[in-house]
Each structure stands twice: as C-alpha cells, then as structure tokens.
Amino acid sequence: MNKLKILSKSIWVFHFASAACNNCDIEILDVLTPRFDVERFGVKLVGSIKHADAMLVSGMMNRKGAEFLKDLYDQAPKPLAVIAFGSCASSMGMFKVSYNRVIPVDEIIPVTAYIPGCPPRPEAIIDGIVKVVKKLRGEI
Amino acid sequence: MNIFLPIIFNLIVAFVLFITPDWKKPLKVIAPILAFANIVIGVYLLFNPNIPEKYTAWILWDNLTKLVFFFIGFFGLVLSIYSAGFIKKKLNKYFSYFFLTLASAYGIILSANWIVLIIFWGISGITLYLMMQFNSGANLAAKKTLIILGGSDSFLILGVAVLYRLTGSFGILSSTWSMIAFVCIAAAAFAKAGNMPFHIWIPDCADKAPPPVTAFMPASLDKLLGIYLLARIFSIITIPPVVKISVMLIGSITIICAVFMALTQHTAKKLLSYHAISQVGYMVLGIGTGNPLGIAGGLFHMINNSIYKSCLFLGTGQVEKVSKTDHLDKLGGLAKYLPITFTSMLIASFAISGLPPLNGFFSKWLIYQGVLAATAEQYPFLSILCLLAALFGSALTLASFMKLMHALFLGAKKYPKGAEKKFKEKFSLVFPQIILALSCIVLGVFAFDLFIKPMYGNLTLTGLWHPKMAMLLIVVGLVLGALIFLISRIKIRRVKGFAGGEGLRPDMHISGADFYEGIENGQPFKFIYGLAEKKLFDLYEVLKAMAFYVIKLLRYLHNGVLTNYLSWILAGGVIILVVIWFM
Amino acid sequence: MKTIFYFLVFPGFLFALIVGMVASYIERKVTARVQWRVGPPILQPWYDLLKLFTKESVVPENAHLLTFLATPVLFMVSATLVAMYAGMAFFFPDAAFQGDLIVIVYLLTIPPICLILAGAASANPLASLGASREIKLVLSYELVFWMTIAVIWVKTGGELSLVNIMNKPPVMYSYSGGIASVLALFVMQAKLGRVPFDIAEAETEIMAGAYIEYSGPLLGFFKMGQYILLATLPFFISSIFWGGVNVFKYVALLVIVILVENTNPRLKVKQCLKLFWFILFPLSLVALILAVVGL
Amino acid sequence: MINKVKDILQGKIIKWEEKSSKRHYIEIDKKDLRSAAELLFRKLELRFCIATGLDNVKNMEVLYHFSDDKTGVVYSLRVFTDRDKGKIPSIADIIKGATWIEREMRELLGIEFTGAADTSRLLLDPTWPEGVYPLRKDYEYGRKEPRGEDSCRRPNIKIEELTKNGKKTKIIPIGPYHPLQEEPEFFELMVQGEKVIDLNINLGYNHRGIEKIAEGKHWDQVTFLVERICGICSCSHPYAYVNAVEDLLGLEIPLRAKYVRTVIAELERIHSHLLWLGLAGHFLGYNTVWMWAWKYRETVLDLCEQISGNRNHYAMMRIGGVRKDIFNSEIDGMKEKAASLVPILDLFKGAVIDDPVIHARTKNIGVLSKEEAINYCVTGPTARPSGLDQDIRKIDILNGAYQLIEWDVIVCQNGDIFDKTVCRVLEMYESVKIITQCLDKLKGLKEGNIWEEVREIPPGEGIGRYEAPRGEVWHYVRSDGGNTPVRHKIRAPSYMNVLSNELAAVGGDVSDAAITLAAVDPCYCCTERMQAVENGNVKYNWEELLRLSEEKTKRLRGELK
C-alpha cells in the first residue's frame, strides 16, 4: 500500500502564516468556501500541526517566525507535504530587501510544491493541490 | 482454635509492643509479620470456627460477621506494611495502638452483647484519637474527632438502654420497633461511618492525621464498623417504611452534598475525605432500602469502598511523602516518577466512580437495583429521586477524581532533571497499593463467585451483569488495538508539545485544581460554598459557637457583684412563689 | 466465541464502524449541502482513517507514554462495547441480558473519560483545558440523561432491559416521554460533542482541545471510536424512546443532529452548565413527576 | 477650534505652520510635550492618531499627530531631540494608545522615552543586535542582520508561580499559529480556571519593515508596496498613501477618479465586513454563517475583479487619480449585482442579529466603554460601537466622493461584541448605498479623464487618511524633492485597536476572549507594517540604469523624428 497514495485522498492542511499580507491566508480559507469547496478532494483545515498532512506556508520568513517553521516541521507527523504559498513564500518577493528577513522557506525545510501568485487565485490553488496530489501519487 | 483468639492475640501484641522500646528496624519487619499471623488465624477461624459451648450466647457468628471479620484482618495486614514504611517516630506506640484497634474491631463484630460492644466501640474511638497525634498539629482535629465519636457513644448507650427496656436483656436480639433506640444507634453508626450530619470530623481528621491512619480508621475500619452496626440494627429491628425512606434520603443527601464539597477542594486529602463521606451515603442508601438486594449492595459497597478509599489515601500519602505537599495547585506531572502509584490510584478512582467492570460498579449496581425494587414498595417518587442522586453522585465523583488525577499526576508540569532520584517509590509503600488496586479488579470481575454466592447463595437479581464477559471483551479490544498498532508498524517519535508554535513554558501548566472554578464561582453555588466555608454546615462548629455564646451570656451575668447575685436570687424566689401559687 | 464474534464483527466493532462511517459521510455531505457546497466523496471517512493509520505517531516529550497510548484504544473499545450491547438487544434479543440499560449508560461515560485522560496525559495546556471542558460537559448532561432514563423506568414499570423496553409501546407518545425524548436529543448532541456542545474540541479557541497532541494511528483510534459512537447513540436513543430502530428513525435522528449542528454557534462551558442544570433539569423533573403521575 | 488650540498652547508654540486648512504643524520644545499633549488630549478631546519619528541625520524629529474628529483637522506637535542619546518625555501614561508607538520608535530609531513603563522590544526579536536601528538613515537599504542559531525564541520566563488576587495564575497561549488567527500573533491569556484575568500581547511575528522598504522605492512604486501591507485593506492603504502625497502636492483629482476610488474602496469594505462576519461565525463554531457569508462575498470579489482585474490586490490607486476606469456600459450590471447584496444583508441581519444563542455569546462580552475607547485611541468599527462618532470618510477624505453623496455613520452605544457585529452589518448597507450612488453619478460622466499628471514631488510633508474597514489608516510622507520618500510612516487601524484587547478580553472566559480578540477584526500584518521592495536582485546599478534610460530616450527621440 503506497502511503502517499492514501495521503493524497485526504489532505489535512495546517496553515502556517509567517509574515504575510493576509491575502494568501484569506484565499486559503476562500477555497474551502462554497464556490471552490476543496473538501471535494478531502482537504480539510486543521488547527494542530500534529494532525496535519500538508503545511501551507505563506508570507516571507521574518526573524521571529522562521524559528518556528523548523520546529513545527519537526513536530509534524511524517509524511508531510510542504507547500510554499504565494510569491513571498516562494521567492520572498518584494521583501527581499527587508531588514527583518531571513532565508527563503525552501532553505529551511524541504518544499514539495510552490504555488506562485500574489495572491494565487483560488483556481491556481486548486491547480496546485491537484499537482501536489499527483506528485504524491507519483504521477509527476 | 478458640474464637476469642484474634482479640486476645491482638491485645497481647498491643501490650507487648507498648512496653518494648522503640526499636525501629526490627519493628518494621515484625509488625507486618504479626499482622500476617493475625490474618492467618482469621482465615483459619473463618473455615473452622470454634465457639465454646458456654459462650455461644456472647458470640455472634453469621454471614455479616464473617464478611467484616475477614476484611478487618485484610486491612490490618495491608496497612501495617504501609505504616511500617511511612511512620517515622515512636513505632512501638504506633503499632501498639494499631493492634489495639484491631482487637477492638474484632470485639465489636464478635460480641453479641451490647455492653461489650460499647466498650470496644469506645476503645476504637480512643485509639483513633491517639493515632492521629502521630502528626504534629493534629491536636485540635483529634480533639474534635474524640468529642464527636465520644458524643455518639453516649447516643449508643442511650439507644441500648431503650432496647434493654424493650427486650429486658443486653444481648443483641431482635426487638420491636422503637424510634428512640433506632435513632440513637443509627446516629452512633452514622458518626462512626461518617454519614451526614455527623461527618464533620472526617475532613479534619484526614487533613491532619498521617495518611496510613486515615486509610486505616476513617477510610476502612470505621466504615466497616459503622455500617456493620447499621446493618445489624436493620437486621434486628423491623423498620417502618417512613424510616426506611428517611434513611435513604439522608444517604442520598450525603452523597450529593459531600461530593459537591469534594469537587471544589484544593488539597488532595480533603478531597478524598469528602468522598469518604459521600461513599457512606451509598451504603446507607443501600441498607436503607431494607430489601436484600439493597443491603447486599450496601455491604458490598462498604467492603469495596474500604479497599479503594484506602488505596487512594495511601497513594496520596506516597505523593505527599515525595513532594512534601498535597496542595493540588503545586503538583502535577508525577505520573512519570510514580508510575505504580499513578496506576493503582487510577484504578481505584475508576472503581470509586463506578466504572464497569470494577468493584465499585458492581456494588453500586446492586444498590441501584435495591432502590429500584424499593420504588415498587413505597414512595416511588422519592425513591427515584434517591436513585438519581446516587447516579448523578457517581458522575460528580468521576468529575472530582478526574480533577484529582489531573492535578496530581498529569498535565504539562515539568520537573527539573534529577527529579527521578527524589521521587522514588518505596516498596513498602507501593506494595499495599498494588494489593488494593488488584482487589478492586478481582472483586469487580469475580463478584458473583467471591461475594454473592457465599453470602446470599441464589440472590435473585432483576438485572444481570456479567463483569467477566465485559472484562474479557475489554481485553480482547486492547489486544485488537495492540494488533492494529503492530500491523501498521507505527513509529513513535517523541517531539515537543504543540502550543501554537511557541515553546511550552512552566507557567503554562494548567492544574486540575482550577477545573471547577466556573462552578465554584457561579450562582447559586458561590453562596452555598461561601456558607460551607464559614463552617455553617458543621454541626460541631455551630454547637461550639453556640456554647461559647451561652458562656459569654453567663459570664455577663456572673460579674461577681454581690448585690446582683442577691437580686437574681430574689427574682428567682419570687418566680418560684408565683408558680407555686398558681399550681 | 460467539460473544467475541458479536464484539468484533456483528453488532460490534466492524458493523458499527461501517455504519458510523456512512453516518459520518451523511453528516459531512448534508453539512456541505446546507452550506452550499458539494462535500466529500462517499469513501472520505475511510480514506481519512486509512491515511491516519499510515502516518507515524508523534508523542510529546513530557507526556505520560502509557496513558497517552492506551487511552485512544480504550476509547474505541468502550465505544465498541456500547455498540455491541445496544446492537445485541436489537439484533439478537435472546443473547441480550437483563439490565443492559444501566450498563450501557455507564459504559457511555467511559469514552469521555478516556478523552479526558488523554488530554491530561498530553502535557499540553490547551489539552488540559480541553479535558477540563470535557469533564464539565459530562457533568452538565449526565444529570439530565439519568432523569430521562428514570422517566423510561417509571413509564415501563422499572424495566432495565433494552429488549423489553423496545417491546413496550414507545415512551415518547406520552407527555412525560415526549419531554424526556426531546431532552435526550440535547444529551445526544452533547455526548456526540457536536455544535453547540463542541466546547471540548473548540478548534478556534483551544485548537483541538484534548486531541491536540494526537497524531496518526492514535488519532485514528479516536476517530474510529467517534464513528462508532455516531453510529450507536442515535440507535440507542431511538430504541429506548422511539420504540425500536429502523432506517428512517435512525436517519431522522441523524438529520436532527446535523441540523442543530449547522444552525447554532458554540456555547460556553458556563452557559452549557446553566442550560443543563437550570433549564433542562427542571424540565426533566417535570417530566418525571408527570411520569409518576402516569401521564 | 484652531484658535482654541492656539489659546491653550499659548507660550509653548515655537513655530506654527499651516500647511493647509486641515493640516497644522506646531513646533514645541520637548519639555512642554507632556503638558501640551495632555491639554490637547484631555481638554480639547482631540484624538491621538500616532507619532512619527524621523531621522534628520543632524537630529531626531518626532511628530505627535492629533486629530479633531468633528472637523477633520490634524494638529501635529513637532519636537526635536539629539540624534545620539536623544531623550523625549514619555506620554504613554497620559495616552494609553501611545504605548506601542513609543516602544517601536525606541527600537527602530533609537529614541529614548523617559518615564516609559515598558521599554521592551515590540517588533524585533530578542537576538537583534543592541544599538542597531533599522529606520535610521545610516542603516543601509537592504542590509540584513546575522541571526544566531535557534536563538530567536522568546527567553523562557522562569516564573513558576504567577499569582493574582491571591490565586495562582496560569498562561494559556493563543498563537502564534492558531486557527483563530489567519496571521501569526501571540497572546498570552493569564487565566484562573477559564477566567481571563490578564492579557499579554506579543507582536513581531509579522514584521516586515515596510517603512524602510518604502524609502527605497519610487513614489509610484510605493502604491504597490503599501497595497501589500494588508491583503484585505489593499485599497485603503494606497488610498491613504495617495491622499498623503496629494496633500503634499495640494492636488485635487478629477471628479471621475474620485467616484472610481470611492466605489472600489467601498466594495472592499463590504468584502472585508463579510469576511469578518464569516470568520466571527467560524470562531463561534457557527460554520454555516462562515460559509454563507463567504459565498456572498464572492459576488463582491467578482465586482472587484470586473473593475480592477484582480480579486484582492486591485492596483487601482495612483498619485493623481486612478489607474483603471469603470466602463459606463458595465455600470448597469454592476448596480444590479450591488443591489443583489441587499437581500443577502437582510438575511444576515435576521440570522445573526436575532439568534438567541448568538445573543448569549456576544451580548455584554468584551465591552469597551467610551472612556476606554478614547483612552486607547481606537478607531473605526472598534470605536463606533462604543459610542464614538468618528468616521474619517465624513471629515477628511481629500480626494473622495464621500462629500458628494448621501450616507450615514453608524454609531452604537454598548461597545460589546454584539454591537460591533451590528455596526459592521449596518455599515454594509451604507456601503451599498454609496456604491449605487457613485455608479449613478459615474454614468453621467464621460469615460477617460481619470488622472492628473504628476511629474515630480516637491520637498514637503503630507498626511493622508482613509477610513479602512477596520478604522482609520494613517500615512505620513516626507519628500526632499527626490524620487523616493524620505520617510513614510504608516499606521494601520489595528495598531490602535489590538491594544484595546488587553482591556476588553479581561474578565471573560477563554471562549469570550477568543471572540473578543477577533472582534476588533485584527490585522496583524497591518499592525506590523512590512517594508518591501519590488525586485530583490539588483540587476542594474544606478549608473547602468541611467545609461539605459538615456539610451532609451535617445532611441525614442530617434523614432519620433
């Protein structure tokens, strides 16, 4: 039984917002709501990292937040998919000159997928989820 | 062997120990051995009772006696082991009182004569007073205990006197109904067992006395004796239904009130002591039904309660021994360091909350059926209310024990490194707990074979409950769980706790002590608890206050001025004259 | 051997689990429809469970390992026992025993206790808070629950057996029974931990309460227990109040649970206590008096 | 009022500068600051908006902005102090709302405030080196501090026993990553049982340093930057920023642009309020409200998309006008969509406001009284439910259409969560009203004329304000004539509102605290304003850019010829 295949059927998402502008976070919630409804794919938002199968990281990593990212990644039960969400998380975007920045997400923890956009449109998010699912199943 | 042997043996042991010097090390071994010898004698006598012909009139030897007879020896053994590990100073005196208590307990249950019973009854009260003094600072509580128990003795004497008028003999014989005799003797039984309204000595005693003493007397022997007396009086007097229902109501009120008090206590021993009271309520309720089912339940509950309650007290003693406090706010997270104490206390607290398939459930189950049977006979509504009080009481019991277990053993509290050494469990303290906790399970699962069949033969139950099957299924389920664990090849990894990302800090430990803060501070409970805190429900304190008030009044009159006395005398004389005139 | 079959396969573990998963699917689907969504596929509960069992388990450093591991299993086992006893009375009346009513009601308190201990053993402040809320919730509804059971006793003449209760005319068609059955719905909602009584889990307040530290298979055991309870409780309530169970009654009860869940916000612990002790308890007392009078 | 201010500050004024009728800058000596602040705040009941600290290289300058909420006039007290070891008396004990900004100026600019009770760090982490102040001019743009391994965590406080009222107090952590919050923030609830007796707010998880980044951006780029302060106020921040620059310029924009600005800003308000309503439902465990509110929020987002091309970051504002026009041909459809919101709002009004369980959960919970609201200087839908009649749209929108149409300010009295909800729901009706009127007016105007050309920004300073969905957004810009701002101070509404939680959440249960914390509609990303720059990689240096532009100019010239 392929563990990741099962995982792809039921992805419980923990949302880690580092220094984000809120839009990514709002759009994450948005895909749960009636128009987009990702519960169709078994996606659910959970409050505790211990229940998570995927960690959505949004926003740029600032000095106070980056520390916790590593911690939370360690605390999560594996296998765990990490999704860098939005431009800031993917590449630090316009905050690359901020004095409070640290290093990008993918240099702290391994990232499974990037969903770019500022913020990513819900369609892009769903596309990202589908790609994560495919990747977990080994189709990509 | 002679039936008097247990009494004589214990009396001799008590006397010898009293005059021997305080050899600590040998005494620690000898005392448990003596207690073991005692139970060996007891078990032998249980199967081969040898009652000399000429004393048959003086000895009671029926099922009730046998039951209590065995358990007195049992608790003697278990608690002597624990006491040997716990008590530090004046061991010879302590064990002397200990065996004296055993002797008096045997005396009470064996005697078929009220006078003998009263003498032993008094002795057991005094030994408790003496044993409580082994903790410094227990003087006041000991005094209170002695006054209340002594007071109840006088009730007992009064009751016996009335019975003597009715039957013309001091033998424990069946008699016609007498309200005064019943009330007096029941009051003595209630005081000994700690039923409301004579419960007030138990919290003070438990708070101040050493835990093995609390476990030995108020938690086990006093319950056995008090309920024994109540059961005895129920067996010799035919009780009218009104009195039965009143006894049941007193029992249910005790259950609910005491458990509500227990819910909000902030020290472990006080919390347990209120449970010691509330559990008496169940026994009284069971016996109060007056039908065989209820009485069987009450008696079985008496045994069970003594077992798990002493287990709980012993566990608390262990906790107090290592952490030097029993204040719930200051404790937590001890399960790691005291695993055996934790497990046995957990079992005992499940048993006291009446979770199937443990012994507490079985005896409560009998009591409920007894009460249900009683509803068919008289006062259905009130009986149902009693039943509900008992049922809800066990939910409340559960709640307060969850609080206790959480506050003592679980939660996020961390201890510094090296605490393992400090918090070590001692064999002599742990062993009795294991025995008691195992008895909880064994008596629960094999209740039919061990209790019902020998005592009642074929008791007809309206509801059957197969603890053996349930136990089997639970074991099957646990095995199943373990199998699933193994099949799915689960890896277990220890990580930091999750509290939103930030590290857990010492001040984030939520203590069980605050569990019922909401109830405590919500109306109308705040008002009632406020009154309870002022000791307005404490008969002893109220009477004491009244006595002081009267004395103050007298003192005001007694001011030492001669003319005042003269005028009082004059006024008295005039009143007497007037009264005589109109007669 | 037969008993073990009852326990593991038919009306016990396997059966209850499957029914529970279907019920859970119905719950999620109907919730989704109420919220203008499509909802998950029918096998979603199964996927969730399977996934949980393929994941690793993480245990907090400071937790008490044995309690932490044992409580989820006990949770599931006790839920299964309830399912078995309730199911046996319905499917195998001959094998059922006298007085299973009290036993079932008592067994129903074990899952919350496991949850409380689990929360307490997690060494997490939020889990402790969840545990404390759960026990307060138990305290609140237990009184009313016993009162409703007492109404049944009075109406059926002290009957303690599920089989006999089901064979008598349904309790709910009387004044007292009607009130009691409505109260039992409240209790059922609370026992299932559904909104407005999901205070112990309260995701947005204390994350997941007592479940917060549980992961992988351990959480899976809890989930299984929850599915089994979801299957059993409506069954039980229906059989004691509505005079037996059939698919319609069962689904009707389930729909009531779902609708209440979706049309109410969460209560606070204190409000919950107040609701049960000061509003529903007097009502249940009225029901009991009516029952004793014979209405 | 101006005369009153002059009277009351008599003898303290060093220089009175009237930038425009609504902007007054009053230079005073720093020793008079406390008394002046007290007089303005207490006697004249002006609202303290924020303080701006500036590094003038030769000295430090701090501006204390006070707003008259009846007329919309802003009085700014200007004080100077030495650059090194400069000290200014603290006014946090007079005005509670100044607590955070003083802490912030201390750590970012290095200005000491004498007499301040709390001098701990607000935004930066504990490992940030002492004596390094990122907002000073000598802190290079784009510089980054080294970071120790595993050292950013808050130091473990060794409090074994915390007591209050003689009872032991425990801490419940809410955050930093908590489902209650979309963004990271750390609240320590100090509880006894479940009763909250104190609240400790830790900021800084979201600090991005936007104010610094803005100093390296071209004036026009800054609009995009400030848009990303907050995704939900992504119109309000640019609006306030362009207002500030237009205030500096003294520019009035075309009428059509005003209407367009108003429409998009009000659409944002509806979407934000619906979002809040949904989340509040979610926090109360009422997921149906969440789902329904967000379902209808999509309609609003569609409208936004129709106008701007994007769901969230609209990029509509530019200095001197708006970037995109609304087509007259689409107006009817938009009006229809906007009108379709009214029955939905009726639905929520009925469902939320009449529900007994919601009453039980929100009435008399998290109360912020009028006096406390004044003292904490809260704004917007946190202030108005407490009985404060303040709405920047009515008094001080330089380039908006709010004065040209009819609408009302919603004020409630109790200051509890319920009133906050009611206030927001009713405000949505007003917004629909505003949008419909604006669209009507737009229909009568010709398409096209939507911006004034702005070629360069002269030296000077300007203040722009806008009533964001959460309250007053405040932008202050200063120019030295170059093509980037010298200083850009941003204050988002949550910066003032979140602090009031330490009052409102205390005394309730943990459950109450959860909804109370959410009821100010907190926006931590706003609170901790980021500082951003577009392309991190410096592809071209200055000379290269110059060369490139010269080349292009040459090419263009060639083409034109």
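Chain A is the first sequence line, chain B the second, and so forth, proteins listed ahead of strands; every chain is numbered from 1.
In this structure, chain D has heavy atoms under 4.5 Å from both the backbone and the side chain of C/Gln35. Proximity to chain D (any heavy atom under 4.5 Å) is shown, for C/Ile199, by neither the backbone nor the side chain. Both the backbone and the side chain of C/Asn264 come within less than 4.5 Å of a heavy atom of chain D. Residue C/Ser132 touches chain D through its side chain alone, counting heavy-atom pairs closer than 4.5 Å.
To the nearest 0.5 Å, atoms CG (D/Asn287) and OG1 (C/Thr263) are separated by 12.0 Å. A distance of 12.5 Å separates NZ in D/Lys295 from CZ in C/Arg37, rounded to the nearest 0.5 Å.
For chain D, the option among C/Asp198, C/Val34, C/Leu129 with the highest count of heavy-atom pairs below 4.5 Å is C/Leu129.
Judged by distance alone, the side chain of D/Thr288 and the main-chain N or O of C/Asn262 form a donor-acceptor pair under 3.5 Å. For the pair D/Trp292 (side chain) and C/Trp36 (backbone), a donor-acceptor distance under 3.5 Å is absent.
Shown here for D/His282 and C/Arg266, the closest heavy-atom pair between the two residues is O-NH2, 4.4 Å.
Surrounding CH2 of C/Trp46 are at most 12 heavy atoms belonging to other residues, nucleotides or ligands under 6.0 Å away. Within a 6.0 Å radius of CZ in C/Phe186, other residues, nucleotides and ligands contribute 12 heavy atoms or fewer.
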